[in-house]
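Notes to accompany the following structure.
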Amino acid sequence: MNSAVGKDTMHQNSAHTTAVTVAYAGGDRRRGPLTMGQANMIRCILRDDPTHINIHDVWSVPEGTTSAAVTDALRVLAVRHEGLRTTFPHSPGAAPVDQVVAAQGTFTVTVLDHAELPGDPARYAESVARAARAGRFALEREFPLRITLLTVAGQPAYVALAFSHAVADGSAMAILREEFAELLAGKELPALTSLPPVDLAAVEASPAGLRKSEASLRYWERILRTGPQEMFAEPRGRRPGTDEEARQLTLRSRRGGRALAGAARRTGHPEATVLMAAWCALVAHRADQDSCVTAVPSANRFHARVARSVTTTSQDALLHLDVRVETFDALVARTWGAVLNAYRHSQFDSVRLWEMIDRVTAERGSHFGRDVVFNDVSALPAPLLGTDTQDRDDAEQELVWGPPQALPTRLLAFTYRTAPQLHISLWAAPSVFTPEEAEGFLSGLVLLLEAAAAGDVPMEALAEVTGVRPAERGPDWLRVDGCWVSPDAVREALGRAVGGLPVRVAQEPGPYGTAERAPGTGSHLTAYIARGATPLTPEEAHRALTALIPAAGSGVLAPQRYVLVENPPTEPDRSDAWRRLKTIDEGTGRSRQV
C-alpha cells in the first residue's frame with residue numbers, strides 16, 4: 001500500500017464518525033426517458049470498474065461556517081437541481097431507459113470529526129473523496145452523491161464528495177461547487193436558465209434533436225467505413241481477448257508549456273488546437289498511418305440550454321485527421337476544422353450508435369476498439385483535477401511512473417495543465433509500447449512542440465525531430481481498405497473460425513464489392529476455403545470470422561471475398577493453384593455488398 005494512502009486511511013479510521021440524515025422536499029416528481037449523455041454514461045457505469053467511472057470533488061468550507069449551514073446548502077442544491085434527485089429504475093441485467101426525479105427524499109452526510117486534519121489537509125480531503133469512489137452506485141435507488149464532511153473539533157473544513165457519473169460530469173461538479181460557495185456566503189442564487197435532464201431529453205427527442213443525432217451517426221459511420229480499424233496494427237498489437245494493465249506515465253514539463261505557448265503564438269491557433277495536432281501527428285507517425293483516429297471526450301455544453309445543467313453531457317467526439325500534409329503548420333490549420341467537425345457530431349443516441357457500430361463492423365469485417373483516447377481537461381478549474389495534478393509545477397521536465405490500471409484502450413492521455421507547465425499523463429499498452437518507447441513518445445511530443453515554436457516542421461522530418469520511430473512490420477503486411485492487415489493472421493483466425501478447414505488468403509488486384517469502399521483502394525483480400533463435404537457458405541464463414549476478430553489479435557480484417565473450393569492443392573502456398581480449384585460457392589459473405 002502507498003504509505004500516504006495508508007496514513008490517510010488510518011486517520012479516517014481514528015476520526016469520530018457520525019452519519020447525519022438530511023431530508024429535502026419542495027421539488028416536483030417527474031419521469032422521462034434518458035438523455036443521450038445519461039444513456040452513454042450508464043452504459044459505462046454498468047460495465048467499468050466503479051473506481052474508474054465514478055468521479056469526485058472537494059469543496060472547501062470557509063472558517064466559521066457551521067455544520068448546519070453546510071447541510072442546509074446541500075439541501076438547497078438537491079432541491080434546486082433535478083439531476084441530484086434522479087434515480088434510474090431498471091431490472092437486474094437490463095439497462096435503464098427512464099429517469100425518475102423525486103419530489104422529496106433524504107441523503108446522508110458522513111461527518112468525520114478530527115482533533116486536527118492530518119498532513120496536508122487538502123490532500124487528505126482529496127484522498128477521502130477518492131476513496132468514496134469505490135463501489136458501484138445503485139442507479140435504481142441510491143442518492144447519487146456520497147458526501148463526507150471533514151470537521152476539526154466540530155468545525156467544518158472540507159466537503160469530500162463522490163458522484164455517480166450518471167448525474168454529473170466535470171462541468172456539473174464545477175457548477176455545484178460554485179453555487180455551494182455562494183450559498184455559504186449568503187448570496188441568493190440566480191434563477192436556473194439551463195434545462196434539467198428530463199427537459200433536455202425532450203429536446204433531444206424533438207425533430208431538430210433527432211436530426212442532429214442522425215447527422216452524428218452518419219459522421220461516425222463514414223469514419224468506421226473508411227478509416228483504419230485500429231491505429232496500432234502491428235505484430236505486437238493488442239493482446240487477444242483482454243484489456244491490458246498499463247502503468248501511468250506522467251510528464252511535467254515547463255519546457256513543454258513554453259513550447260506550446262510559442263507554437264500557438266507563431267501559428268496563430270489556440271494552444272488546444274496545436275496540442276491536438278501534435279498528438280495526432282505523433283500517433284499517426286508512430287503507427288505508420290495516413291490518418292489519426294482518436295476519441296476526444298466532449299462535455300457537449302455548447303448551447304445555453306445545457307451550459308449550466310447539472311447532469312452528464314459527456315460523449316465521445318471521434319476525430320479523424322488526415323495527416324498527409326507537407327508541414328506541421330498545414331496540419332494545425334487542418335486540425336482546427338476537423339476538431340470542430342468532430343465536436344459538432346458528438347451528440348447521439350448511444351444505443352443506436354453501438355447498433356450502427358455492430359452493423360458496420362460486421363459488414364466491413366473490422367473491429368472498432370476505441371484504441372486511442374485524448375482527453376484535454378486543462379480548461380477545468382484546478383480543484384477539480386485533484387491535488388496530485390497541481391503539485392510540483394516547477395519541473396523543467398520530468399517523467400514519473402505511477403500505478404497500473406486496466407484499460408480497454410491502447411493509448412490514453414489526459415492533459416491536466418498547459419501552463420506554466422505541460423502536464424500530461426499517458427497510459428500506453430505494454431503490448432505496443434515498451435516503457436522506453438512510452439517515455440520517448442511523451443518526450444518526443446515536447447520536442448515536436450519546441451520545433452514548432454521555432455518554425456514550421458516538415459512532416460517527413462518527424463522521426464528526426466522527435467526521436468520516435470514508426471512501427472516496423474514485416475514484408476507480408478499489406479494496406480487493404482485503408483487498414484494495415486496481416487494475411488497470415490487473417491488466415492490463422494479464419495481457419496479457427498471455420499473449424500480447422502484449410503484456408504488460403506491472397507491479395508488480389510482491384511476493389512471487390514460495390515458500396516462504400518475506401519477511396520483509392522487498389523486491392524482486396526480473397527479467402528479460399530477448402531470446404532469439401534463440410535456444409536459452409538460465404539455468409540457463415542464471414543459471421544464466424546467477425547465473431548473472432550475482437551479477440552483475434554492485431555492485423556485481422558475480414559476478406560472482401562470468400563471462395564469455397566474443393567480439395568486443397570498439395571502445395572497450399574501457391575495461390576494460383578487454389579485459383580484453379582473448382583469453385584463450390586463464392587461471395588462477400590456480407591448481407592449487403594460492401
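Here the CG atom belonging to Leu545 is positioned 9.0 Å from the CG atom belonging to Leu557, to the nearest 0.5 angstrom. Rounding to the nearest 0.5 angstrom, the gap separating the OG1 atom in Thr537 from the CG atom in Asp585 is 7.0 Å. Rounding to the nearest 0.5 Å gives a distance of 5.0 Å between CD of Glu566 and NZ of Lys582. The OH atom of Tyr219 sits 10.5 Å away from atom CG of Leu224, with the distance rounded to the nearest 0.5 Å. Atom CD1 in Ile223 sits 4.0 Å away from atom CG in Leu318 (nearest 0.5 Å). For the atom pair CE (Met41) and CD (Gln315), the distance works out to 8.5 Å, reported to the nearest 0.5 Å.
With salt bridges taken as basic N to acidic carboxylate O contacts below 4.0 Å, none links Glu540 and Arg531. Between Arg496 and Glu492 there is a salt bridge, since a side-chain N of the basic residue sits under 4.0 Å from a carboxylate O of the acidic one. A salt bridge links Glu244 with Arg410: at least one charged nitrogen is closer than 4.0 Å to a carboxylate oxygen. Ion pairing of Arg370 with Asp316 is present here, as a side-chain N (NZ or NE/NH1/NH2) and a carboxylate O approach within less than 4.0 Å.
Using a 4.5 Å heavy-atom threshold, the side chains of Thr534 and Leu501 count as touching. Annotation: side chain of Pro502 is in contact with side chain of Trp578 (closest heavy-atom distance under 4.5 Å). Using a 4.5 Å cut-off on side-chain heavy atoms (C-beta onward), Thr361 and Thr546 make no contact. Between Glu472 and Trp477 the shortest side-chain heavy-atom distance does not fall below 4.5 Å. With a 4.5 Å cut-off on side-chain heavy atoms, Leu411 and Leu426 count as touching. At a threshold of 4.5 Å between non-hydrogen side-chain atoms, the residues Leu34 and Ile42 count as touching. In this structure the side chain of Met36 never reaches within 4.5 angstrom of the side chain of Ser350, judged on heavy atoms. For the pair Arg579/Glu508, a side-chain contact is recorded, criterion being any heavy-atom separation below 4.5 Å from C-beta on.
Between Cys483 and Pro228 the shortest heavy-atom distance is SG-CA, 4.0 Å. Here the closest heavy-atom approach between residue Ser554 and residue Glu234 is recorded as OG-N, 3.0 Å. Of all the heavy atoms in Val323 and Leu331, the pair that sits closest is CA-CD1, 3.9 Å. Closest of all the heavy-atom pairs between Leu217 and Asp349 is CD2-O, 4.4 Å. Of all heavy-atom pairs between Ser164 and Asn54, the closest is CA-OD1, 4.4 Å. Annotation for His345 and Ala215: closest pair CD2-O, 3.4 Å, computed over non-hydrogen atoms.
Although no hydrogens or angles enter the test, the distance criterion places a donor-acceptor pair under 3.5 Å between the side chain of Gln99 and the main chain of Pro33. In this structure, Ser213 contributes its side chain and Leu210 its backbone to no donor-acceptor pair below 3.5 Å. Between the side chain of His165 and the backbone N or O of Ala168 there is at least one donor-acceptor pair closer than 3.5 Å. Side chain of Glu230 to main chain of Gly555: a donor-acceptor pair is present (N/O by atom type, distance under 3.5 Å, no hydrogens or angles). A donor-acceptor distance shorter than 3.5 angstrom exists from the side chain of Arg334 to the backbone of Asp322, with no hydrogens or angles considered. Under a 3.5 Å cut-off, the side chain of Asp371 and the backbone N or O of Met231 do form a donor-acceptor pair. For Arg324 (side chain) and Ser291 (main-chain N/O), no donor-acceptor pair under 3.5 Å exists by modelled atom type. The main-chain N or O of Leu548 is never found under 3.5 Å from a side-chain atom of His367 such that the two would form a donor-acceptor pair. Side chain of Thr526 to main chain of Ala506: no donor-acceptor pair is present (N/O by atom type, distance under 3.5 Å, no hydrogens or angles). Of the possible donor and acceptor atoms, none in the side chain of Arg491 sits under 3.5 Å from a partner among the backbone N and O of Arg504.
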**OP:** Start with the C-alpha distance between Leu445 and Ile424, add both sets of side-chain angles, then the distance that settles side-chain contact (heavy atoms from CB on, under 4.5 Å), and finish with yes or no.
**Re:** CA-CA 10 Å; Leu445 187 66; Ile424 299 177; 3.8 Å; yes
Subject >> From CA spacing to verdict: side-chain contact (heavy atoms from CB on, under 4.5 Å), Val339, Leu319 >> reply: CA-CA 6 Å; Val339 169; Leu319 175 64; 4.2 Å; yes
Original post:
What do the steps show when you test Leu478 against Leu525 for side-chain contact (heavy atoms from CB on, under 4.5 Å), and what is the final call?
Top reply: CA-CA 10 Å; Leu478 310 169; Leu525 291 182; 4.1 Å; yes
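A cation-pi contact, defined as under 6.0 Å to the ring centre and within 45° of the axis, links Arg286 to Phe433.
Legend: residues meeting salt bridge (charged side-chain N to carboxylate O under 4.0 Å, His left out) with Asp49, ordered by chain and number and at least two apart, are absent.
The side chain to side chain donor-acceptor pair (under 3.5 Å) test with Asp481 singles out one residue from Gln560, Arg364, His524, Arg225, and that residue is Arg364.
The environment of Glu140 atom CD is dense: over 12 non-hydrogen atoms of other residues, nucleotides or ligands sit within 6.0 angstrom. Around atom CZ of Arg473, more than 12 heavy atoms belonging to other residues, nucleotides or ligands sit under 6.0 Å away. Crowding of Glu326 atom CD: a count of heavy atoms from other residues, nucleotides or ligands under 6.0 Å not exceeding 12.
For Arg43 and Asn40, the side-chain atoms include no donor-acceptor pair closer than 3.5 Å. Checked by atom type, the side-chain pair Ser378/Asp376 shows a donor-acceptor distance below 3.5 Å.
Taking the six-membered ring for Trp and the full ring otherwise, the centers of Phe441 and Trp279 sit less than 6.0 Å from each other.
Ring-plane geometry between Trp220 and Phe348 is classed as perpendicular, the angle between the planes exceeding 60 degrees on a 0 to 90 degree scale with a lower cut at 30.
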